[in-house]
Enquirer: 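Quick one: this structure, given as structure tokens, is what I'll be asking you about.
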Amino acid sequence: MLASNYTQEILNLQDVIVEKVENLNKKQRIYIKLVRKEVNCPCCRVQTSKIHDYRTQIVKDAEAFGKKVELVLRKRRYILIYIMMIIDS
């Protein structure tokens with residue numbers, strides 16, 4: 001089993017991909033992204049998998065192994081081409 005799979009199991013993360021783990025002085029930073037899938041538009045319910053862009057969100061989590069944990073989540077923004085609507089995910 002890969003190290004990223006162990007990290008997912010320890011933190012009880014599902015449907016995520018662990019890209020990198022940084023061990024800093026007083027905290028541990030884990031870079032993750034969600035598994036790519038089709039999403040529904042909240043307005044018209046049309047499915048799309050076209051990505052508009054990415055943004056990064058830092059989520060502070062509880063301590064693990066005596067260090068504070070930060071999850072750095074790479075979020076996708078999807079787009080509906082025919083009506084040019086952007087969807088956060």
Side-chain angles (χ1 to χ4, degrees):
M1 189 178 286
L2 296 173
S4 64
N5 291 343
Y6 286 125
T7 305
Q8 289 172 345
E9 286 184 21
I10 289 171
L11 297 173
N12 196 22
L13 299 173
Q14 297 174 349
D15 296 331
V16 298
I17 299 168
V18 177
E19 294 183 314
K20 180 170 68 168
V21 177
E22 287 181 348
N23 288 310
L24 305 173
N25 289 337
K26 296 183 180 180
K27 63 184 170 185
Q28 196 167 32
R29 189 173 287 158
I30 302 171
Y31 293 83
I32 61 174
K33 66 180 179 180
L34 296 174
V35 175
R36 186 173 175 177
K37 60 183 176 181
E38 286 192 343
V39 296
N40 293 330
C41 172
C43 298
C44 65
R45 305 287 183 231
V46 173
Q47 283 192 335
T48 185
S49 61
K50 304 277 188 216
I51 296 174
H52 175 68
D53 64 0
Y54 291 90
R55 69 181 189 91
T56 302
Q57 179 179 358
I58 297 176
V59 179
K60 295 185 181 187
D61 203 358
E63 287 191 12
F65 310 110
K67 290 185 175 185
K68 292 184 179 181
V69 176
E70 286 184 355
L71 300 175
V72 181
L73 174 62
R74 188 172 183 219
K75 294 178 92 173
R76 293 181 192 95
R77 292 178 65 203
Y78 293 90
I79 188 166
L80 294 175
I81 299 298
Y82 67 96
I83 58 172
M84 299 301 287
M85 179 179 282
I86 298 170
I87 305 167
D88 283 329
S89 173

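The figures here come from the full heavy-atom set of this structure, side chains too, leaving out hydrogens, waters and symmetry mates.
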Enquirer: Suppose we screen for salt bridge (Lys or Arg N to Asp or Glu O under 4.0 Å). Which residues come up paired with Lys27, at least two apart in sequence or across chains?
Expert: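 Result, salt bridge (Lys or Arg N to Asp or Glu O under 4.0 Å) vs Lys27: Glu70.
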Enquirer: Once you round to the nearest 0.5 Å, how far does CD1 of Ile17 lie from CD1 of Ile32?
Expert: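 One finds 10.5 Å between CD1 of Ile17 and CD1 of Ile32.
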Enquirer: Minimum heavy-atom separation for Ile30 to Val18, with atom names?
Expert: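 Ile30 and Val18 have their closest heavy atoms at CG2-CG1, 4.0 Å.
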Enquirer: Between Ile51 and Arg76, what is the shortest heavy-atom contact and its length?
Expert: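 Distance-wise, the nearest heavy atoms are CD1-CD, 3.5 Å.
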Enquirer: Kindly compute the distance separating CG (Leu73) from CD (Gln57), expressed to the nearest 0.5 Å.
Expert: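 That separation rounds to 6.0 Å.
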Enquirer: Mind checking the NZ-CG spacing from Lys60 to Leu71? Nearest 0.5 Å is all I need.
Expert: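 Taking NZ in Lys60 and CG in Leu71, the distance rounds to 12.0 Å.
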Enquirer: Would one find more than 12 heavy atoms of other residues, nucleotides or ligands at under 6.0 Å from atom NZ of Lys67?
Expert: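 Atom NZ in Lys67 is packed in, count exceeds 12.
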Enquirer: Hey, could you give me each pair passing salt bridge (Lys or Arg N to Asp or Glu O under 4.0 Å) that has a residue in residues 33-46? Not counting sequence neighbours.
Expert: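 Residue pairs with at least one partner in residues 33-46: Glu19-Lys33.
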Enquirer: At what distance, to the nearest 0.5 angstrom, does CG of Leu34 lie from NZ of Lys75?
Expert: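 Reported value, rounded in 0.5 Å steps: 8.5 Å.
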Enquirer: Quick one: side-chain hydrogen bond (donor to acceptor under 3.5 Å, both in side chains) partners of Asn23, sequence neighbours excluded?
Expert: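 Scan of Asn23 (side-chain hydrogen bond (donor to acceptor under 3.5 Å, both in side chains), adjacent residues dropped) gives Gln28.
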Enquirer: Using the test side chain to side chain contact (heavy atoms under 4.5 Å, CB included), find all partners of Val72 that sit at least two apart in sequence or belong to another chain.
Expert: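 Side chain to side chain contact (heavy atoms under 4.5 Å, CB included) check on Val72 returns Arg29, Tyr31, Thr56, Ile58.
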